Asker: 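Got a structure for you, written out below as structure tokens; questions coming shortly.
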Amino acid sequence: MEIPDSLKSEIQISLPPWQLTGSGYILIYRFTKEFIAAHGFLSDFQKENFQSGWGAVMLVDYQTSPVGPYYELLFIPGLFSFKKKKFFSISKIYVSSHASVVNGIKNWGIPKELANFHWIKKLNEDHIEVIKEGHSFFAAHFTKQWPHFPISTWLFPLTLIQQHTNQRMLTQPRSKGTASFAKISNLKINPIYFPDLSQVKPLITLKVEDFRMEFPHPSVI
């Protein structure tokens, strides 16, 4: 994805590594290849290298970052094979900040798009709605459960490969925080803008709190 010309001159690039803090939700799925082919929003380089559907959806409230706070909704279809190794890759992602869009594309090749987020927080509950071009395309209610336990990328490593301007960029973010199980309900999806998750159920839904994350410099492969 190219950076929109209207944004290039307005946004200052904040080079990696980035340090971020926040909270959010992680939904783990096992997608079929048929589901990803129909709903995965795969780019050409992802279509050529898709392997398996162990994927995820993440909703994140970044409370601090080098470009300020912002919200994020992203879709990871599964694992992709490059040079005999397997990596995850983001095929659809929305954020609430122009600066996050420009920096995400420029720094890591992450194909961010701008959307409006309504994130209503209550004790042990969150209601999240995401809107693009006046259309509400993602809405869900989350309920936090117990117990709490530590979580980190040391236990669950996440290496991302993305493509920007014909370069493939490999990034291994690191994070740690506190997690608890959660439930999702009242899910509504507009498949024009985001994969139709109403057709599948998450294997695990987690609420992650008080996380600290580092997004390092990518490697070009």
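Source: prediction; values computed, not measured.
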Asker: With side chains defined as the heavy atoms from C-beta onward, is the minimum distance between Ser185 and His141 less than 4.5 Å?
Answerer: yes
Asker: Should the heavy atoms of other residues, nucleotides or ligands under 6.0 Å from CZ of Arg212 be counted, would the total exceed 12?
Answerer: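 No, because the 6.0 Å sphere around CZ of Arg212 holds 12 heavy atoms or fewer from other groups.
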Asker: Quiz question: by atom type and distance under 3.5 Å, do the side chains of Gln46 and Ser91 form a donor-acceptor pair?
Answerer: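 No, no side-chain donor-acceptor contact under 3.5 Å.
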Asker: Could you check whether Phe80 and Phe87 have their ring centres less than 6.0 Å apart?
Answerer: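 They do not qualify: ring centres at least 6.0 Å apart.
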Asker: I want to check something: taking the side chain as every heavy atom from C-beta on, are Ser23 and Asp61 in contact at a cut-off of under 4.5 Å?
Answerer: yes
Asker: Heavy atoms, side chains only, cut-off 4.5 Å: are Phe138 and Ile189 in contact?
Answerer: yes
Asker: Using the rule that two of Ile, Leu, Val, Met, Phe, Trp, Tyr join whenever any of their side-chain heavy atoms come within less than 4.5 Å, decide whether Ile110 and Met169 are in one cluster.
Answerer: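 No, Ile110 does not connect to Met169 through the hydrophobic network.
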Asker: Membership question, hydrophobic clusters at under 4.5 Å side-chain separation (ILVMFWY): are Phe211 and Val57 in the same one?
Answerer: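 No, because Val57 and Phe211 fall into different hydrophobic clusters, even though each may have its own neighbours under 4.5 Å.
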Asker: Do Met58 and Leu27 pass the side-chain contact (heavy atoms from CB on, under 4.5 Å) test, and can you show the C-alpha distance, the side-chain angles, and the key distance before you say yes or no?
Answerer: CA-CA 6 Å; Met58 299 184 189; Leu27 295 85; over 6 Å; no
Asker: Mark yes or no for whether Ser97, through its side chain, and Ala99, through its backbone, hold a donor-acceptor pair below 3.5 Å.
Answerer: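 Pair found, side chain donor or acceptor close to backbone of Ala99.
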Asker: What is the distance from atom NZ of Lys122 to atom OG1 of Thr143, rounded to the nearest 0.5 Å?
Answerer: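 So the gap between those two atoms works out to 10.5 Å.
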Asker: Check whether any side-chain N or O of Ser89 sits under 3.5 Å from a backbone N or O of Ile161 as a donor-acceptor pair, and report yes or no.
Answerer: yes
Asker: Which atoms form the tightest heavy-atom contact between Ile184 and Pro202, and what is the distance?
Answerer: CG2-CG, 4.2 Å
Asker: On a heavy-atom basis, which atom in Pro191 and which in Phe41 lie closest, and how many Å separate them?
Answerer: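 Shortest heavy-atom contact: O-CZ, 3.5 Å.
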Asker: Do Lys132 side-chain atoms and Leu114 backbone N/O form a donor-acceptor pair below 3.5 Å?
Answerer: yes
Asker: Crowded around Phe45 CZ? As in, over 12 foreign heavy atoms under 6.0 Å?
Answerer: yes
Asker: Around atom NZ of Lys144, are there more than 12 heavy atoms from other residues, nucleotides or ligands closer than 6.0 Å?
Answerer: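 Atom NZ in Lys144 is packed in, count exceeds 12.
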Asker: How long is the span from the CD atom in Gln162 to the CD1 atom in Ile93, to the nearest 0.5 Å?
Answerer: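 One finds 8.0 Å between CD of Gln162 and CD1 of Ile93.
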Asker: Nearest 0.5 Å, what's the NE2-CG distance between His39 and Leu197?
Answerer: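 These two atoms lie 10.0 Å from each other.
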Asker: Do Tyr71 and Val95 make a side-chain contact, defined as non-hydrogen atoms from C-beta onward lying under 4.5 Å apart?
Answerer: no
Asker: Other residues, nucleotides and ligands only: do more than 12 of their heavy atoms fall within 6.0 Å of NZ on Lys121?
Answerer: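 Buried by this count: over 12 neighbours within 6.0 Å.
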Asker: Do Leu74 and Leu59 have side chains that get closer than 4.5 Å, going by heavy atoms?
Answerer: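 No, side chains not in contact.
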Asker: May I have the step-by-step check of ring-ring contact (aromatic ring centres under 6.0 Å, His included) for Tyr29 and Phe75, ending in yes or no?
Answerer: CA-CA 10 Å; Tyr29 289 88; Phe75 180 77; 7.7 Å; no
Asker: Which word best sums up how the rings of Phe194 and Phe137 line up, parallel for under 30°, tilted for 30 to 60°, or perpendicular for over 60°?
Answerer: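 Because their plane-to-plane angle lies in the 30° to 60° range, the rings of Phe194 and Phe137 count as tilted.
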Asker: Would you say the side chain of Asn107 lies within less than 4.5 Å of the side chain of Pro218, judging by non-hydrogen atoms?
Answerer: no
Asker: Cluster question for you: counting only ILVMFWY and a side-chain heavy-atom cut-off of under 4.5 Å, with indirect links fine, are Phe82 and Leu158 together?
Answerer: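 No, no single cluster joins them.
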Asker: So, for Phe31 and Phe50, is the gap between ring centers shorter than 6.0 Å?
Answerer: no
Asker: Determine whether Glu133 and His135 satisfy the following criterion, side-chain contact (heavy atoms from CB on, under 4.5 Å), listing intermediate values before the conclusion.
Answerer: CA-CA 6 Å; Glu133 299 169 341; His135 299 281; 4.3 Å; yes
Asker: In the structure I gave you, are the side-chain heavy atoms of Leu160 and Ile90 within less than 4.5 Å of one another anywhere?
Answerer: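 In contact.
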Asker: Locate the shortest heavy-atom distance separating Phe117 from Leu73; write the atom from each residue and the value.
Answerer: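 Between these two residues, the closest heavy atoms are CZ-N, 3.7 Å.
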Asker: Hey, any chance Val208 and Phe149 share a hydrophobic cluster, counting ILVMFWY side chains that come within less than 4.5 Å of each other, even indirectly?
Answerer: yes
Asker: Could you give the distance from CD1 (Ile26) to CD1 (Ile76), rounded to the nearest 0.5 Å?
Answerer: 9.0 Å
Asker: Would the distance check show the side chain of Trp108 and the main-chain N or O of Pro16 forming a donor-acceptor pair, the cut-off being under 3.5 Å?
Answerer: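 Not confirmed, Trp108 side chain does not pair with Pro16 backbone.
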Asker: In Å and rounded to the nearest 0.5 Å, what is the CZ to CD distance from Phe142 to Glu125?
Answerer: 12.0 Å
Asker: Step by step, would you call Tyr70 with Tyr62 a ring-ring contact (aromatic ring centres under 6.0 Å, His included)?
Answerer: CA-CA 5 Å; Tyr70 63 93; Tyr62 288 110; 4.8 Å; yes
Asker: Evaluate the criterion side-chain contact (heavy atoms from CB on, under 4.5 Å) for residue pair Glu209 and His148; output intermediate values, then yes/no.
Answerer: CA-CA 10 Å; Glu209 299 176 276; His148 291 103; 3.8 Å; yes
Asker: Show the numbers, then the answer: is there a side-chain contact (heavy atoms from CB on, under 4.5 Å) between Leu79 and Phe88?
Answerer: CA-CA 5 Å; Leu79 286 164; Phe88 292 100; 3.7 Å; yes
Asker: Does the side chain of Ser100 come under 3.5 Å of the side chain of Lys112 through a donor N or O and an acceptor N or O?
Answerer: yes
Asker: Applying salt bridge (Lys or Arg N to Asp or Glu O under 4.0 Å), run through Glu129 and Lys188 and close with a yes or a no.
Answerer: CA-CA 9 Å; Glu129 182 180 18; Lys188 296 179 181 179; over 6 Å; no
Asker: Is there a path of hydrophobic side-chain contacts, each under 4.5 Å between heavy atoms, that joins Leu42 and Phe35?
Answerer: yes
Asker: Kindly say whether the aromatic ring centers of Tyr94 and Tyr193 come within a distance under 6.0 Å.
Answerer: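 So the answer is no for these two rings.
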Asker: So, Asn103 side chain and Ser14 main chain: donor-acceptor pair closer than 3.5 Å or not?
Answerer: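 Confirmed, Asn103 side chain pairs with Ser14 backbone.
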Asker: Distance only, no hydrogens: is a donor on one side chain within 3.5 Å (strictly under) of an acceptor on the other, for Asp126 and Tyr25?
Answerer: yes
Asker: Please give me the minimum heavy-atom distance between Ser152 and Lys176, naming the atom from each residue.
Answerer: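 Heavy-atom minimum between the residues: CB-CB, 3.7 Å.
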Asker: Could you state the interatomic distance from CD (Gln163) to CG (Asn49), rounded to the nearest 0.5 Å?
Answerer: 9.5 Å
Asker: Tell me, do Arg174 and Met213 make a side-chain contact under 4.5 Å, heavy atoms counted?
Answerer: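 Counting from C-beta outward, Arg174 and Met213 never come under 4.5 Å.
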